[in-house]
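First comes the structure, then the notes that go with it.
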There are 2 protein chains.
Amino acid sequence: MPRERQEKRMNALNPRRQPIQQRARERTQQILDITARLLEEVGIDDLTTILIAKELGISVGSLYHYFPNKHAIMYALGERWLEEMTIAMNDMESFAVETMTPNQFVDKAINRMLAVYKAQRAVLPLTQALWAIPELRRLDEEHDYLVISKLANIFERLQLKGSRNELERVGRIYLETTHAVLLSVVSQKTVRSKRSLEDLKTMIAALVQSHAPGDSQASKESDQA
Amino acid sequence: MPRERQEKRMNALNPRRQPIQQRARERTQQILDITARLLEEVGIDDLTTILIAKELGISVGSLYHYFPNKHAIMYALGERWLEEMTIAMNDMESFAVETMTPNQFVDKAINRMLAVYKAQRAVLPLTQALWAIPELRRLDEEHDYLVISKLANIFERLQLKGSRNELERVGRIYLETTHAVLLSVVSQKTVRSKRSLEDLKTMIAALVQSHAPGDSQASKESDQA
DNA sequence: CAACAAACCGAATTATTATTCAGTTTATTG
DNA sequence: CAATAAACTGAATAATAATTCGGTTTGTTG
């Protein structure tokens with residue numbers, strides 16, 4: 001019963017075929033690489049199929065030989081991103097969380113996430129596109145779900161307080177904050193970049209700490225009294 | 001020497017005229033209101049001039065009577081946003097910062113910022129558009145500059161450590177974090193929303209604290225030893 | 001090397017939208 | 001109530017970009 005590739009949904013967004021020839025397999029990658037570079041350079045609005053083709057030195061016709069439409073290329077880029085993130089989150093889950101303090105976990109986890117952001121080009125326009133283009137929205141949601149649920153798993157192992165629902169809410173705050181600040185971090189020069197990364201760790205550590213047992217969010221409350 | 005309106009730059013993005021008749025002044029506002037609503041509902045990509053006109057019950061021609069082009073409408077929306085933010089930042093600057101603890105300041109400052117985000121429709125698509133559309137980029141930069149420099153002023157008054165440059169870097173982290181999390185906050189229901197707001201305050205408080213004199217970022221370092 | 005398929009080409013087609021403009025209606029004013 | 005300007009109309013135009021398709025070149029295979 002050969003049905004390896006049957007999980008594929010959204011036919012209109014998947015590559016036309018699994019390329020037969022070596023050359024073709026390379027082309028598919030080239031298209032994605034060039035598209036990522038152009039996305040970074042010119043932004044989503046000026047990213048046209050003609051531009052991609054020209055930059056690659058092939059014709060638009062050839063481009064459409066590999067992808068059924070423009071969104072399919074973006075979709076493939078989004079899948080790449082999601083895969084990287086999946087690996088990273090699995091890495092995090094395999095940390096010996098139980099033997100770590102929350103701060104130790106945060107330190108390692110943020111470093112791991114930073115590596116993903118550094119490796120991937122065009123993170124900002126890509127993630128914006130995943131949100132803005134209805135056909136790609138599902139990928140964005142999958143991404144968020146992945147990160148948030150894995151984080152919630154880890155939060156449980158760290159013995160944080162609160163229901164599953166609550167831990168997932170904290171996961172979203174973690175995600176949004178980390179995403180926003182890492183975008184700054186990767187665009188800054190070394191010294192500033194390093195300091196901003198420290199700031200991020202400080203903030204996320206405070207977030208996690210505030211949900212640890214034995215913390216009654218005391219610092220703020222007492223001030224307000 | 002009457003030259004009231006001479007600060008206007010970018011003729012192509014400003015309204016065609018200061019409307020003479022009452023009706024017309026209302027129209028200008030209506031256009032902005034409808035555009036903001038549609039921006040929220042359909043997103044930037046499906047926001048067409050025809051749609052705006054139809055939704056308002058006027059013709060495209062009329063739309064162009066008020067604004068020279070589509071970007072000018074977005075630009076006006078961006079200006080509105082920038083004005084709100086300017087008022088908010090001035091408010092913050094007028095806090096009696098010197099008599100407050102950092103945490104007290106953060107509490108009030110975040111509340112003030114939340115009010116801006118709650119009052120404005122379509123914050124996410126609007127800010128994305130300001131970033132993505134070259135003609136509007138200047139507004140985005142003005143916005144960032146406004147917030148960051150005002151924050152840096154306040155940080156100085158709070159006696160935070162570091163050069164002006166460093167305080168502005170911290171201002172950016174403050175801005176990015178607050179923006180990202182407030183977008184979540186305004187989209188959540190009451191209970192979750194309230195908790196996320198608390199989380200934001202916790203994180204920002206930690207950020208500010210870590211730059212206060214007498215703090216050697218001890219908590220994280222000691223853990224890593 | 002013939003036959004077949006994979007890759008490729010790029011001009012032509014299609015679709016979508018912003019923008020214009022020649023006129024019409026509505027308000028203001030002397 | 002003319003006369004003038006403000007508001008308005010919507011079909012026509014212009015520009016841009018995605019997508020198609022008939023045909024060519026290149027690679028593979030028996």
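Quantities reported herein were computed from a predicted structural model and do not represent experimental measurements. Chain letters run A, B, ... following the sequence lines, proteins first, then strands; residues in each count from 1.
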Task: Nucleotide C:dT19, atom P - distance to CD1 of B:Ile52 in whole Å - done: 11 Å
TODO: Round to a whole Å and report the spacing from CZ of B:Phe67 to C1' of C:dT20.
DONE: 18 Å
Sequence neighbours left out, cut at 3.5 Å: what donor-acceptor pairs do the side chains of residues 124-134 of chain A make with other protein atoms?
unit_1: A:Thr127; atom_1: OG1; unit_2: A:Val123; atom_2: O; d: 2.8
unit_1: A:Thr127; atom_1: OG1; unit_2: A:Leu124; atom_2: O; d: 3.0

Task: From A:Ile44 atom CD1 to B:Asp45 atom CG, the distance as rounded to the nearest 0.5 Å - done: 8.0 Å
- [ ] Taking only the side-chain nitrogens and oxygens of B:Arg27, find out if one of them lies under 4.0 Å from OP1 or OP2 of D:dC8.
- [x] yes
Task: Phosphate OP1/OP2 of D:dT9: any B:Ser59 side-chain N/O under 4.0 Å - done: yes
What pairs of nitrogen or oxygen atoms, one from the protein and one from nucleotides 11-18 of chain C, lie under 3.5 Å apart?
unit_1: C:dA18; atom_1: OP1; unit_2: B:Lys70; atom_2: NZ; d: 2.7
unit_1: C:dA18; atom_1: OP2; unit_2: B:Thr49; atom_2: N; d: 2.9
unit_1: C:dA18; atom_1: OP2; unit_2: B:Thr49; atom_2: OG1; d: 3.0

Open item on the list: Please enumerate all residues that pass side-chain contact (heavy atoms from CB on, under 4.5 Å) together with B:Arg37, with sequence neighbours excluded.
Closed with: B:Ile34, B:Glu41, B:Glu55, B:Arg121
Task: Partners meeting side-chain contact (heavy atoms from CB on, under 4.5 Å) with B:Asn90 (sequence neighbours left out) - done: B:Thr86, B:Glu93, B:Lys150
Open item on the list: How many whole angstroms separate atom CD1 of A:Ile73 from atom P of D:dA17?
Closed with: 15 Å
- [ ] State which residues pass salt bridge (Lys or Arg N to Asp or Glu O under 4.0 Å) with A:Glu176; sequence neighbours excluded, sorted by chain then number.
- [x] A:Arg172
Task: Between P of C:dC9 and NZ of A:Lys54, the distance in whole Å - done: 15 Å
Task: Gap between atoms CD and P, on A:Glu26 and C:dC8 respectively (whole Å) - done: 10 Å
Task: N/O (side chain, A:His65) to phosphate O (OP1/OP2, C:dA7) under 4.0 Å - done: yes
Task: Test ring-ring contact (aromatic ring centres under 6.0 Å, His included) applied to A:His143 - qualifying residues, sequence neighbours left out - done: A:Trp81
